[in-house]
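Inspection log for the structure reproduced underneath, given as structure tokens.
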Amino acid sequence: MAANAGSMRILIKGGKVVNDDFTQEADVYIENGIIQQVGKELMIPGGAKVIDASGKLVLPGGIDTSVHLQQTFMNAAIQDDFYSGTKAALMGGTTMVLSLVLPEQHCSLVDAYEKCRAEADAKACCDYALHVGVTWWGPKVRNEMETLVREHGVNSFQMFMAYKDMMMLKDSELYQTLQSCKDIGAIARVHAENGELVAEGAKECLDLGISGPEGIEISRPEELESEATHRAVTIANRAHCPIYLVNVSSMSAGDMIAAAKMQGKVVHAETTVAHAVLNGMQYYHQDWAHAAAHVIAPPLRLDPNTPNYLMGLLGNDTLSVVASEHRPFNTKQRALGKEDFTKIPHGVAGVQDRMSVIWERGVVAGKMDENRFVAATSSNAAKIYNLYPRKGRIIAGADADVVVWDPDATRTISVSTQVQGGDFNLYEGMRCHGVPLVTISRGRLVCENGVFMCAEGSGKFYPMRTFPDYLYKKMVQREKVCSHSYSCLGLSTQALKGVDRDPYSGDVAKVANSMKKELGLGPIDGETPTKPCARVHQGVRDLHESSFSLSGSQVDDHIPKRSSARILAPPGGRSSGIW
């Protein structure tokens with residue numbers, strides 16, 4: 001059945017087709033894995049399976065841009081492989097996943113990619129693509145990035161400003177990585193937290209005896225995220241590289257992104273379902289296992305207004321994408337950190353629930369409409385990762401990744417009924433409107449009314465193209481604008497050159513021996529070391545000395561001397577400003 005599924009003829013009749021920019025009543029005809037027609041009163045051949053979508057919505061299949069499958073992280077094996085993880089995705093209305101390959105430090109990026117490909121090809125049920133993590137830096141990494149782009153269908157790399165001594169890059173390394181991304185036309189994904197201060201904060205917590213899950217929230221305050229966000233945007237701007245920030249978790253980081261966009265910087269960002277729905281009070285739960293089950297980085301934020309704020313930023317396109325950041329562990333694995341919160345593996349489940357939870361908290365709550373929902377869960381990801389309009393749109397010629405969505409039906413989320421891995425569900429007991437009735441992947445009917453009908457390994461790797469217009473067209477235009485501004489001043493950005501001037505021909509100061517050592521100059525040939533000597537006047541007045549002196553008895557010697565007083569305010573008075 002799976003072999004013939006791609007050649008199925010399917011007619012979805014009577015529904016409302018929802019794209020990111022408009023909604024229309026239309027039928028959709030699918031054949032050979034492609035959407036062939038969209039419209040009314042279609043002329044189609046016989047033998048098609050008819051799906052009645054009356055009163056339902058017909059959406060582009062979801063694209064989850066951040067999942068972690070079949071790998072080990074922080075000494076724990078993730079509880080989903082590429083079969084169970086992609087099955088859960090399809091059951092929830094997601095038809096494509098982008099999984100992260102994380103090479104060990106000083107190991108080959110290409111080898112890690114090929115190992116992941118072999119595991120995924122044997123098990124995946126839906127289309128998938130791979131990001132590759134840049135966990136260290138050097139000429140070999142730069143060359144392998146080019147190889148992955150040119151020969152292996154990779155178009156995105158992820159860098160970390162946190163996870164010190166594991167995969168954190170220094171600012172100079174991040175700058176060089178972003179320059180390489182720009183040169184090869186890749187998407188630069190950046191996890192922005194101040195890794196140095198995170199490490200110091202963790203030490204301070206443990207020294208104070210704070211070892212429970214609340215330590216992750218205390219040691220990683222949102223100012224460390226907002227500072228790193230600003231730094232990442234600045235570094236990307238200097239490298240002339242578009243930047244894509246991941247796991248945005250706080251209001252201040254969201255504001256930083258909004259400000260950067262207002263300034264014309266090419267910045268896109270994604271948040272996660274957990275950050276857009278839950279707050280950090282979960283870390284203070286009396287049950288250790290409950291608190292530990294919410295440990296992710298950056299952490300959930302204590303401010304109860306944060307989730308609504310982030311959902312609002314998704315609604316107004318400040319944040320472009322919402323991902324699941326799916327990385328499930330079980331309680332026994334999290335217990336590796338039962339006495340030290342820094343050893344609790346970071347990760348939560350969510351690939352199956354992403355679409356329904358965002359519909360409930362986004363659309364039903366009035367934070368976004370159905371079109372913006374499609375943009376945040378599918379279309380924007382397709383545009384950013386150069387998949388659009390083959391993915392992320394219901395249009396003739398697009399891949400037949402389609403979901404028939406019932407906006408009125410409800411389901412109650414529970415760990416007891418989930419397909420995804422892990423023994424805890426963050427949204428346990430949440431009653432969600434918005435249920436995927438039918439999921440079609442590449443023209444294959446893979447899920448209908450809760451029944452899964454897809455063979456293991458029937459999914460395909462989707463090679464990704466570089467230089468996505470959605471990112472790089474803006475960058476090219478920006479370069480043109482800058483070039484015009486420079487040309488108005490008689491300058492050129494094509495080849496920056498120094499000023500043509502006569503060389504300096506005057507005297508040059510001698511460097512003291514002590515400074516030579518610091519500057520690495522060493523002794524100058526033919527120069528004899530000079531001995532320290534008293535200051536000698538050579539016909540030039542020394543303004544640091546004066547011939548005026550007070551000696552002998554003075555007229556005010558009978559007045560008692562006043563003890564010295566520290567002046568607390570500078571001349572002009574004390575400043576009360578923030579500076």
Side-chain angles (χ1 to χ4, degrees), residues 68 71-79 102 104-106 133 135-136 159-171 174 190-229 231-232 246-253 272 274-275 278-304 306 325 327-349 422-424 426:
H68 308 263
Q71 62 183 224
T72 299
F73 185 71
M74 294 181 69
N75 300 315
I78 290 168
Q79 294 293 293
L102 268 182
E104 295 289 331
Q105 272 194 325
H106 309 297
T135 55
W136 60 291
M159 285 66 73
F160 296 84
M161 299 172 76
Y163 294 102
K164 184 180 179 182
D165 300 327
M166 283 178 60
M167 49 196 175
M168 185 178 92
L169 298 183
K170 296 183 295 187
D171 286 358
L174 179 59
V190 177
H191 175 117
E193 284 183 288
N194 188 317
E196 293 284 354
L197 294 188
V198 165
E200 292 301 316
K203 289 178 191 172
E204 290 172 5
C205 281
L206 293 172
D207 288 345
L208 291 170
I210 300 170
S211 61
E214 66 277 7
I216 192 150
E217 188 278 323
I218 297 169
S219 65
R220 303 174 96 111
E222 68 173 78
E223 64 181 340
L224 301 192
E225 181 190 7
S226 60
E227 181 277 330
T229 298
R231 187 156 37 98
V246 301
N247 302 344
V248 176
S249 71
S250 65
M251 292 190 284
S252 54
T272 75
H275 289 116
L278 303 171
N279 67 60
M281 284 305 296
Q282 306 292 339
Y283 299 124
Y284 295 86
H285 198 281
Q286 286 296 308
D287 180 1
W288 183 93
H290 177 101
H294 292 79
V295 168
I296 50 176
L300 303 175
R301 299 304 179 187
L302 267 186
D303 190 331
T306 299
E325 187 62 10
R327 191 193 275 135
F329 297 106
N330 61 34
T331 302
K332 287 183 180 179
Q333 291 172 311
R334 288 188 284 269
L336 290 168
K338 64 187 177 70
E339 295 174 350
D340 180 350
F341 69 89
T342 65
K343 296 178 181 176
I344 301 172
H346 301 168
V348 297
D423 58 3
F424 188 91
L426 299 182

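These numbers come from a predicted model, not from an experiment. Numbering starts at 1 and runs along the sequence shown.
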For K164, which residues count as a side-chain contact (heavy atoms from CB on, under 4.5 Å) partner, sequence neighbours excluded?
M168, E196, A199

Considering residues at least two apart in sequence or located in another chain, which fulfil the side-chain hydrogen bond (donor to acceptor under 3.5 Å, both in side chains) criterion with Y283?
none

Partners of H294 by side-chain hydrogen bond (donor to acceptor under 3.5 Å, both in side chains), sequence neighbours excluded?
none

My understanding is that only residues two or more places apart in sequence, or in another chain, count here; which of them pass side-chain hydrogen bond (donor to acceptor under 3.5 Å, both in side chains) with D423?
T331, R334

Applying side-chain hydrogen bond (donor to acceptor under 3.5 Å, both in side chains) to E217 and not counting sequence neighbours gives Y284

Partner residues of A253 under the side-chain contact (heavy atoms from CB on, under 4.5 Å) criterion, sequence neighbours left out
E225, T229, V248, S250

Going by salt bridge (Lys or Arg N to Asp or Glu O under 4.0 Å), name the residues that satisfy it together with K170, two or more places apart in sequence or in a different chain.
none

Would you please name every residue forming a salt bridge (Lys or Arg N to Asp or Glu O under 4.0 Å) with D171, sequence neighbours left out?
R231

Which residues pass the side-chain contact (heavy atoms from CB on, under 4.5 Å) test with E223, sequence neighbours left out?
P221, S226

So, using side-chain contact (heavy atoms from CB on, under 4.5 Å) as the criterion, who are the partners of E104 when residues are at least two apart?
C107

With sequence neighbours left out, write down each residue that passes salt bridge (Lys or Arg N to Asp or Glu O under 4.0 Å) with K338, or none if nothing qualifies.
none

Contacts of E214 meeting salt bridge (Lys or Arg N to Asp or Glu O under 4.0 Å) (sequence neighbours excluded), chain-then-number -> none

